[in-house]
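Reading through the structure tokens given below for one structure.
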There are 2 protein chains.
Amino acid sequence: MTDFLCDLASYNVYSQACPARLVLDRLADKWSLLLMDRLSQGPVRFNQLRRDVEGISQKVLSQSLKKLERDGLIARRVFATVPVTVEYTLTELGATLSDTVASLAHWAERNIDAVLASQRQYDAHNA
Amino acid sequence: MTDFLCDLASYNVYSQACPARLVLDRLADKWSLLLMDRLSQGPVRFNQLRRDVEGISQKVLSQSLKKLERDGLIARRVFATVPVTVEYTLTELGATLSDTVASLAHWAERNIDAVLASQRQYDAHNA
DNA sequence: CGGGATCCGTTCCGATACTG
DNA sequence: CAGTATCGGAACGGATCCCG
């Protein structure tokens, strides 16, 4: 068995200093993967993104986009229209990630039934 | 462009009712993916897991394992030794997920430098 | 060893109001 | 349109104590 998360000689497996964990910690929040997937379909503007990704608030969307931009995964472009237009797109780096995100989403689609069934069984057993 | 997250006819893209989002919301936390990856290397006991995955507290580890078990991704086996021994393993379902988790981790390893560089540039620009 | 129960600070997040 | 600022409640998470 190989260790996928941190095979570098200078780091302990799953140690907090492991660089891979830094990235995972960033991506593993409620919205990042969802936003990445939405942007993988093409450029989107702020309010459109807000409408598309149901349940995200304006504040959290703004914060999340800023983090993803800081990580170099998405790009923010401002057009000097009136009123101003802002467009978000995946960067090249972000595009390389979106394939993996998509496969995670695919897994979720394929196995949602099994997961829900397991939850029901678990809840029934632990009445 | 296809929509990977929720292509079912009866659900809106990225809607809160989309089953894929239910799964993603569950996996997208600080520890689940990390625990899944660690367990993909073989059975582990509670305290070993706690030591391996640096930074997780006993309480959060316990809660996280319970959720993953409820979702049918991991199995918990108790051995009537003294003191008691508890072993966690991936289920078959969980094993099918670990490949995707691993590819996400691989991406993180490959691109950590690019991400960190982007962060530095972003921070420098927004002094 | 493998947790559960409790207390408590911090952080998150939604709602609201305001701005260029 | 695309945000920022502020406030208050809720949820998270760590530390500690306890138990079979």
Side-chain angles (χ1 to χ4, degrees), chain A residues 14-16 21-22 24-35 38-39 42-70 74-89 122-123 125-127, chain B residues 14-16 21-22 24-35 38-39 42-71 74-90 122-123 125-127:
Chain A
Y14 309 103
S15 85
Q16 291 174 302
R21 268 191 60 174
L22 297 178
L24 277 189
D25 281 359
R26 269 291 303 113
L27 295 175
D29 69 82
K30 194 174 169 59
W31 301 111
S32 292
L33 294 177
L34 215 52
L35 290 172
R38 177 62 189 85
L39 288 175
V44 197
R45 291 164 60 179
F46 186 86
N47 279 324
Q48 185 62 46
L49 204 44
R50 189 182 167 193
R51 280 186 297 270
D52 285 352
V53 179
E54 238 177 65
I56 196 168
S57 72
Q58 171 192 50
K59 178 171 124 184
V60 172
L61 175 57
S62 174
Q63 290 172 343
S64 302
L65 289 173
K66 222 176 275 184
K67 287 183 193 170
L68 291 174
E69 187 193 0
R70 178 171 183 264
I74 69 174
R76 177 179 184 270
R77 275 185 301 190
V78 183
F79 300 95
T81 53
V82 181
V84 66
T85 299
V86 178
E87 194 178 85
Y88 292 92
T89 60
Y122 183 95
D123 294 342
H125 186 273
N126 303 56
Chain B
Y14 309 102
S15 85
Q16 290 174 304
R21 267 192 60 172
L22 297 177
L24 277 189
D25 281 359
R26 268 292 303 111
L27 295 174
D29 68 82
K30 193 175 170 55
W31 302 110
S32 292
L33 295 176
L34 214 52
L35 290 171
R38 176 63 188 85
L39 288 175
V44 197
R45 290 165 61 180
F46 186 85
N47 279 323
Q48 186 62 47
L49 204 44
R50 188 182 168 193
R51 281 186 297 270
D52 285 353
V53 179
E54 239 177 64
I56 195 168
S57 72
Q58 171 193 50
K59 178 173 129 183
V60 172
L61 174 58
S62 173
Q63 289 172 343
S64 302
L65 289 172
K66 222 176 278 183
K67 286 183 195 171
L68 291 174
E69 187 192 1
R70 180 171 181 264
D71 291 341
I74 68 174
R76 177 180 186 270
R77 275 186 301 189
V78 183
F79 300 95
T81 54
V82 181
V84 66
T85 300
V86 179
E87 194 177 85
Y88 292 92
T89 59
L90 287 189
Y122 183 95
D123 294 342
H125 186 272
N126 303 56

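Computed over heavy atoms, backbone and side chain alike; hydrogens, waters and symmetry mates excluded. Per chain, numbering begins at 1; letters A, B, ... match sequence-line order.
- B:T85 pairs by the side-chain hydrogen bond (donor to acceptor under 3.5 Å, both in side chains) definition with B:T81, not counting sequence neighbours.
- For A:Y88, a side-chain nitrogen or oxygen approaches OP1 or OP2 of D:dG3 to under 4.0 Å.
- In this structure the side chain of B:F46 reaches within 4.5 angstrom of the side chain of B:L65, judged on heavy atoms.
- Heavy-atom distances under 4.0 Å link DNA chain C to B:K66 of residues 63-71 of chain B, given in residue order.
- As a whole-Å value, the separation of A:L49 CG from D:dG3 C1' is 13 Å.
- Between B:N47 atom CG and C:dC1 atom P the separation is 6 Å, expressed in whole Å.
- Residue A:Q48 contributes atom CD, which lies 9 Å from atom P of D:dA2 at whole-angstrom precision.
- Put simply, the side chain of A:R45 does not reach to within 4.5 Å of the side chain of A:V86, judged on heavy atoms.
- Atom CD of A:E87 and atom CD1 of A:I74 lie 12.0 Å apart (nearest 0.5 Å).
- The side-chain hydrogen bond (donor to acceptor under 3.5 Å, both in side chains) test applied to B:S32 returns B:D29, not counting sequence neighbours.
- One axis for each end of the helix from C:dC1-D:dG20 to C:dG20-D:dC1, each built from five base pairs, and the angle between them comes to 50° at 10° resolution.
- With rounding to whole Å, A:D29 atom CG is found 14 Å from D:dC12 atom P.
- When rounded to the nearest whole Å, the span between CZ of B:R26 and C1' of D:dC12 equals 14 Å.
- A straight line from CZ of B:F79 to P of C:dG3 spans 13 Å, rounded to a whole angstrom.
- At the phosphate of C:dG2, OP1 or OP2 sits under 4.0 Å from a side-chain N or O atom of B:R45.
- Contact annotation: B:S62 side-chain N/O to C:dG4 OP1/OP2 distance is under 4.0 Å.
- Distances shown here put a side-chain N or O of B:R76 below 4.0 Å from the OP1 or OP2 atom of C:dG3.
- One can place CZ of A:F46 at 10 Å from C1' of D:dT4, the figure rounded to the nearest angstrom.
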Indicate every side-chain donor-acceptor pair of residues 56-63 of chain A with a distance under 3.5 Å to a residue at least two apart or in another chain.
residue : atom : partner : partner atom : Å
A:S57   : OG   : A:V60   : N            : 3.3

Check nucleotides 14-20 of chain C against the protein and report each pair of N or O atoms closer than 3.5 Å, with its distance, or say if there are none.
residue : atom : partner : partner atom : Å
C:dG14  : OP2  : A:S57   : OG           : 2.9
C:dG14  : O6   : A:K59   : NZ           : 2.0

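- Between B:L49 and B:R38 the shortest side-chain heavy-atom distance falls below 4.5 Å.
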